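A short worksheet on the structure shown next.
Treat the numbers as computed from the prediction; the structure is a model and nothing was measured. In each ligand, atom 1 is the first atom listed, and ligand 1 is the first ligand listed. Numbering starts at 1 and runs along the sequence shown.
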Amino acid sequence: MTETRHPDQAAITEAASLIRDGRLVAFGTETVYGLGGNALDGQAVARIFAAKSRPGFNPLISHVADSKTVFETGKETPLARILADHFWPGPMTLVLDQQPDCPISTLATSGLDSVALRVPANTHARAFLAEAGVPVAAPSANRSGRISPTRAGHVLEELGGNADLAMILDCGAAEGGLESTVIDARGAVPVILRPGSVTDTMIEDATGIIPGNPSGKDSHGIISPGQMESHYAPATPLLLNQNDAGRDTVWIGFGDADAPLCRHAFNLSPRGDLIEAAASLYDLLRQADRIGAVAIAVAPVPHGGIGTAINDRLNRAAKK
Ligand code: TXA
Ligand code: MG
């Protein structure tokens with residue numbers, strides 16, 4: 001049974017240690033309650049998708065305690081600096097280029113070269129993030145397709161039965177109720193990828209620049225909000241639902257399925273665990289692609305649960 005706790009020091013210390021152990025903790029921010037997991041741990045991120053029953057893997061926002069930590073992970077631009085100084089801590093997320101060796105798991109970034117980062121204003125949330133000491137990936141703490149929770153009680157209704165959700169930090173009622181404004185701050189012009197309570201006028205007042213159009217693809221070919229069509233697709237043709245692979249093809253197995261003749265064989269999860277498979281998917285696709293073979297053959301991955309999201313992702317990657 002998931003515990004709801006008042007965010008006193010003991011609860012925050014415990015929540016932080018649960019996060020570092022790969023468990024999930026829901027916490028309140030000024031926008032909505034987030035379902036948090038260690039963003040550096042692909043399996044923890046996979047558990048977030050599984051708990052929400054998300055049909056696909058959208059890239060997630062990683063939450064940290066201050067701007068300094070943000071810019072250790074994402075590359076600072078003059079625009080990002082101005083926005084950070086004006087609106088953090090607060091209901092704003094910045095999309096930045098990743099710093100070299102950015103440790104955020106590829107599942108949290110959907111294998112993109114960018115990363116979405118936010119410093120929430122809720123004081124309990126910030127205390128929790130500071131104590132966790134790792135970026136916390138957190139989409140809204142509801143089951144997919146349902147309304148975002150703004151109170152600890154809503155989270156309990158949505159996800160209370162989930163064994164991976166170890167704790168709900170009751171940080172009070174979220175005043176916002178609307179997810180943060182997502183701004184692409186990689187270039188000179190701010191591009192609003194998802195509207196929120198930090199409005200275009202506020203952004204213009206802060207930066208002196210009229211924000212770019214949120215509709216359609218931005219200059220980096222990325223579609224938002226939440227409608228990411230172009231995830232990482234390998235250059236090597238991807239063949240799905242294969243039962244074997246030739247010597248010079250790359251093989252990506254799942255469970256017992258293997259390709260005995262193949263020289264380049266990987267496995268998403270030798271023990272047939274979908275959570276583990278989700279966590280390793282983007283990394284293995286990248287490794288497989290680097291070999292430069294004629295094709296990558298992927299074993300069937302069971303549908304249902306997070307398997308649906310894995311198949312959705314594989315289908316997109318195969319379509320190009
Ligand atoms: O208020 C909020 O932002 C809440 C609370 C919990 O902080 N969180 C939230 O997270 O709404 P999430 O993961 O559901 O929202 C992710 C949004 C999506 O619209 C996604 O497309 C966009 O951020 N996003 C994440 N990474 C991105 C990236 N690298 N490039 C473009 N968009 C990105
Ligand atoms: Mg949501």
Exercise. Does a side chain donor of either Ser53 or Ser144 reach within less than 3.5 Å of an acceptor in the other side chain?
Worked result: no
Exercise. Is the closest N or O pair between Glu179 and ligand 1 shorter than 3.5 Å?
Worked result: no
Problem set entry | Heavy atom of Ala138, distance to ligand 1 below 4.0 Å | yes
Problem set entry | Subset of ligand 1 atoms that lie under 4.0 Å from at least one heavy atom of Val32 | 4 (C), 5 (C), 6 (C)
For this session: Heavy-atom contacts with Gly34 under 4.0 Å: which atoms of ligand 1 show up? List them by number with element.
Result: 6 (C)
Exercise. If you measure from each non-hydrogen atom of Asp184 to ligand 1, which part falls under 4.0 Å: side chain, backbone, both or neither?
Worked result: neither
Exercise. Below 4.0 Å from any atom of ligand 1, is there a heavy atom belonging to Asn58?
Worked result: no
Problem set entry | Note: Arg271-Asp273 ion pair, threshold 4.0 Å (strictly below) | yes
For this session: For Ser114, counting its heavy atoms only, list the atoms of ligand 1 lying under 4.0 Å from any of them.
Result: 28 (C), 29 (N), 30 (N)
Exercise. What are the atoms of ligand 1, with element, lying closer than 4.0 Å to any heavy atom of Leu193?
Worked result: 31 (C), 32 (N)
Exercise. Are Arg5 and Asp170 ion-paired here, with the side-chain N under 4.0 Å from a carboxylate O?
Worked result: no
Problem set entry | Side-chain (Gln98) to main-chain (Leu112) donor-acceptor, under 3.5 angstrom | yes
Exercise. Hey, what do you get for CD (Glu158) to CG (Leu35), rounding to the nearest 0.5 Å?
Worked result: 10.5 Å
Problem set entry | Polar side chain donor-acceptor pair, Ser280 to Glu276, under 3.5 angstrom | no
Seminar exercise, completed: Short version for Arg54: what comes under 4.0 Å of ligand 1, heavy atoms counted, is side chain
Exercise. Do ligand 1 and Thr29 have nitrogen or oxygen atoms that lie under 3.5 Å from each other?
Worked result: no
Exercise. Counting heavy atoms only, which part of Leu60 comes closer than 4.0 Å to ligand 1: side chain, backbone, both or neither?
Worked result: both
Seminar exercise, completed: In Val95, Ile183, Val182, the residue satisfying side chain to side chain contact (heavy atoms under 4.5 Å, CB included) with Arg194 is Val182
Exercise. Going by distance only, is there an N or O of Arg118 that falls short of 3.5 Å from an N or O of ligand 1?
Worked result: yes
For this session: Identify which one of Leu156, Val25, Leu159 satisfies the side chain to side chain contact (heavy atoms under 4.5 Å, CB included) criterion when paired with Ile168.
Result: Leu156
Exercise. With a 4.0 Å cut-off on heavy atoms, does Thr109 reach ligand 1?
Worked result: no
Problem set entry | Exercise: do Thr236 and Asp289 side chains pair donor with acceptor under 3.5 Å | yes
Seminar exercise, completed: Ala116 heavy atoms within 4.0 Å reach ligand 1 at atoms 25 (C), 26 (N), 27 (C)
Exercise. Using 30° and 60° as the class limits, which term best fits the ring planes of His63 and Phe27: parallel, tilted or perpendicular?
Worked result: perpendicular
Exercise. Should the proximity of Leu112 to ligand 1, defined as any heavy atom under 4.0 Å, be assigned to the side chain, the backbone, both, or neither?
Worked result: side chain
For this session: Find all atoms of ligand 1 within a distance of less than 4.0 Å from any non-hydrogen atom belonging to His63, and give their numbers and elements.
Result: 5 (C), 6 (C), 7 (O)
Exercise. Do Arg23 and Asp21 sit within salt-bridge range, that is, some charged N less than 4.0 Å from a carboxylate O?
Worked result: no
Exercise. Is there a nitrogen or oxygen of Thr31 sitting under 3.5 Å from a nitrogen or oxygen of ligand 1?
Worked result: yes
